[in-house]
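As the structure is a prediction and not an experimental result, all values here were calculated from the model. Residue numbering restarts at 1 for every chain, and letters A, B, ... go by the order of the sequence lines.
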Number of protein chains: 2
Amino acid sequence: MNTTADTPKLRLEPFKVACSSCNLRELCLPVGLNRENLDRLDSLVATRRQVARGDTLFRAGDEFQSLYAVRTGFFKTCVSSEDGRDQVTGFQMAGELLGLDGISTDNHTCDAVALEDSQVCVIPYEQLEGLSREFSELQHQFHKIMSREIVRDHGVMLLLGSMRAEERLAAFLLNLTQRLQARGFSASALILRMTREEIGSYLGLKLETVSRTFSKFQDDGILDVKQRQIRILDQDKLQSLVNGTNC
Amino acid sequence: MNTTADTPKLRLEPFKVACSSCNLRELCLPVGLNRENLDRLDSLVATRRQVARGDTLFRAGDEFQSLYAVRTGFFKTCVSSEDGRDQVTGFQMAGELLGLDGISTDNHTCDAVALEDSQVCVIPYEQLEGLSREFSELQHQFHKIMSREIVRDHGVMLLLGSMRAEERLAAFLLNLTQRLQARGFSASALILRMTREEIGSYLGLKLETVSRTFSKFQDDGILDVKQRQIRILDQDKLQSLVNGTNC
DNA sequence: CGGCGATTTGATTCTAGTCAACCCTAGTGG
DNA sequence: CCACTAGGGTTGACTAGAATCAAATCGCCG
């Protein structure tokens, strides 16, 4: 969950930074594009946007115009029902796309909130459609990203529908560390960017239950928990909670 | 949930039936296509497949090659974790697409099982990508369908993460009748094609809880429940359960 | 230093899960 | 035609796990 977001250097980078030179290009939209096509994508993804911690990138109801690729920082997305209930539907880190929900009705259906000072690449959607008609690699990669989101959501449904609190938290932590590891961070230490309440909302638990479960993992020697700093002491035991291996 | 599936007439239709003459064209992939483009889509969606009740259209792990549009009948999709837990992720009726999950890894990630004798249109995916590069209406409609699936999944996450049993079942029934109504069926009477256990799996409840909740709705005068035949007696009360209006 | 939001922990309640028995209904075969 | 059976469904008694309510503590920021 550490990103380079908090190094002041980033702020001084030129406003335009090309996909072709982005260190996330192996994780983000450009996967599988050759040099020529990368250059064309660059011309599309021309602008960046800073989003300060706590600010929203977009809200439910906002007109949908662009997708956003997280460049640095960390986001949550949440939907809410008429009666005020709300549900965190995901946490997004560098290289992940935000805004796919907006395509269906031309309006966003969830809020995207920055959990730390963040920077996103703005991808005008109409232009993306246009470009992806021109070269199939981009088209295919974009479809894969949408499909992956669907598969991810099904995984969350499995978690919410059939796992107990400990299993949910274990699965959540393993998922986070896996994604962090893919970005070059440690697999065993992380700093949570979200509150217990946000974790709880994502996992379908109350914040007290999240807190208790962290404490239990600490007691069991699985984790070292210091507020939002987490160290995984026993990866195997965590994994076995998800698998149900030792139940 | 009544479709024309059980009229023997259908079986005698020619094997090829065009999207352009399909009565689902306002719900399915062809939305927004003009006549010329419809004809081109027809050439792509050339084959049908019958799936008998209880049979699988595809299984998790199967190679992904095609999407499927439900023409008649009713399906469920379910994912399962390594340890055997499984979760129904959706129920699909006429005009809805199956198989979107497969794009992400070129393998399906869930099982699609027919809950009644069904017929699907086979949409070869590579060809769909090709055609949607050629005309933007198809491309856009396809993207909308994927996005709608993501939005739908977020709704289910909200349901699983924050609703109580009664609210879940009420939301489920309202969603079903809404979709049936869009297909010309009654908004107040339906026949469930799935077992209590399958409903429970979808809603994150045990089958006993589903059964008890049906009974309670019956006692409260909200529903008339005769096995799988449901009649909605008090739509407003059902709606208010979802909204939390009268809690 | 004071205050606030976030977190932890304890005590209690309540919802849904578990286990078990029984009941329908449709389909089977004598 | 009817008894038999199996699978799905209902209901009851009890339990477990998470929610709720409440209080105390921590850590950060002005």
Side-chain angles (χ1 to χ4, degrees), chain A residues 6 52-54 76 85-88 113 115-117 159-173 191-220 223-230 241 244 247, chain B residues 1 6 52-54 74 76 85-88 113 115-117 159-173 191-220 223-230 241 244 247:
Chain A
D6 32 14
R53 173 188 169 135
K76 69 170 177 179
R85 245 189 290 252
D86 73 300
Q87 172 77 23
V88 172
V113 181
L115 297 183
E116 59 179 339
D117 291 346
L159 178 147
L160 291 171
S162 70
M163 292 186 173
R164 287 176 308 106
E166 289 181 27
E167 300 169 329
R168 293 183 197 194
L169 189 61
F172 169 71
L173 291 171
I191 296 174
L192 301 174
R193 291 283 121 109
M194 68 294 278
T195 66
R196 301 291 190 257
E197 186 168 17
E198 286 161 339
I199 297 173
S201 172
Y202 182 61
L203 298 178
L205 302 170
K206 292 293 160 186
L207 70 94
E208 295 94 328
T209 305
V210 174
S211 177
R212 271 185 247 277
T213 309
F214 270 125
S215 299
K216 176 160 192 314
F217 284 174
Q218 171 130 271
D219 292 347
D220 294 352
L223 296 181
D224 182 40
V225 182
K226 283 210 189 70
Q227 300 289 120
R228 298 193 183 183
Q229 296 179 65
I230 310 289
L241 275 169
C247 303
Chain B
M1 207 133 334
D6 32 12
R53 174 188 168 133
F74 204 81
K76 69 169 178 180
R85 244 188 292 252
D86 75 300
Q87 171 78 22
V88 172
V113 181
L115 297 183
E116 59 180 340
D117 291 346
L159 179 147
L160 291 171
S162 70
M163 291 187 174
R164 285 175 310 104
E166 290 182 29
E167 300 168 329
R168 293 183 197 194
L169 189 62
F172 170 70
L173 291 171
I191 297 174
L192 301 174
R193 292 282 120 111
M194 67 294 277
T195 66
R196 302 288 191 256
E197 186 169 16
E198 286 160 340
I199 296 172
S201 171
Y202 182 61
L203 298 178
L205 302 170
K206 292 295 160 185
L207 69 93
E208 293 95 330
T209 304
V210 174
S211 177
R212 270 184 246 275
T213 309
F214 270 124
S215 299
K216 176 160 193 313
F217 284 173
Q218 172 130 271
D219 293 347
D220 293 353
L223 297 182
D224 182 42
V225 182
K226 283 209 189 70
Q227 301 290 119
R228 297 193 183 182
Q229 297 179 64
I230 310 290
L241 276 169
C247 303

Tell me if a side-chain donor or acceptor on [X] pairs with a main-chain N or O of [Y] at a distance below 3.5 Å.
X	Y	answer
A/Gln87	A/Ser201	yes
A/Arg196	A/Leu207	no
B/Arg168	B/Leu203	yes

According to the side-chain hydrogen bond (donor to acceptor under 3.5 Å, both in side chains) rule, which pairs have a member within residues 207-218 of chain B, sequence neighbours left out?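 For residues 207-218 of chain B: B/Lys216-B/Asp220.
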
Specify the angle, to 10°, made by the local axes at the two ends of the helix from C/dC1-D/dG30 to C/dG30-D/dC1 when five pairs are taken at each end. 30°

Rounded to whole angstrom units, what separation is found between the [atom1] atom of [X] and the [atom2] atom of [N]?
X	N	atom1	atom2	answer
B/Lys216	D/dT10	NZ	C1'	17 Å
B/Ile191	D/dG9	CD1	P	14 Å
A/Leu192	C/dG5	CG	C1'	17 Å
B/Arg53	C/dA26	CZ	P	12 Å

Going 5' to 3' through nucleotides 6-17 of chain C and flagging B where a protein heavy-atom sits under 4.0 Å of the base, S where only the sugar-phosphate is that close, and - otherwise, we get SSBBBB----SS

Does B/Leu192 form a side-chain contact (heavy atoms from CB on, under 4.5 Å) with B/Gln227? I'd like the steps, not just the answer. CA-CA 9 Å; B/Leu192 301 174; B/Gln227 301 290 119; over 6 Å; no

Please lay out, stage by stage, how A/Phe214 and A/Ile199 fare under the test side-chain contact (heavy atoms from CB on, under 4.5 Å). CA-CA 11 Å; A/Phe214 270 125; A/Ile199 297 173; 4.1 Å; yes

Could you check B/Phe74 against B/Met194 for side-chain contact (heavy atoms from CB on, under 4.5 Å), going step by step and ending with a plain yes or no? CA-CA 9 Å; B/Phe74 204 81; B/Met194 67 294 277; 3.6 Å; yes

What's the verdict on side-chain contact (heavy atoms from CB on, under 4.5 Å) for A/Arg228 and A/Thr195, showing C-alpha distance, side-chain angles and the deciding distance? CA-CA 8 Å; A/Arg228 298 193 183 183; A/Thr195 66; 3.1 Å; yes

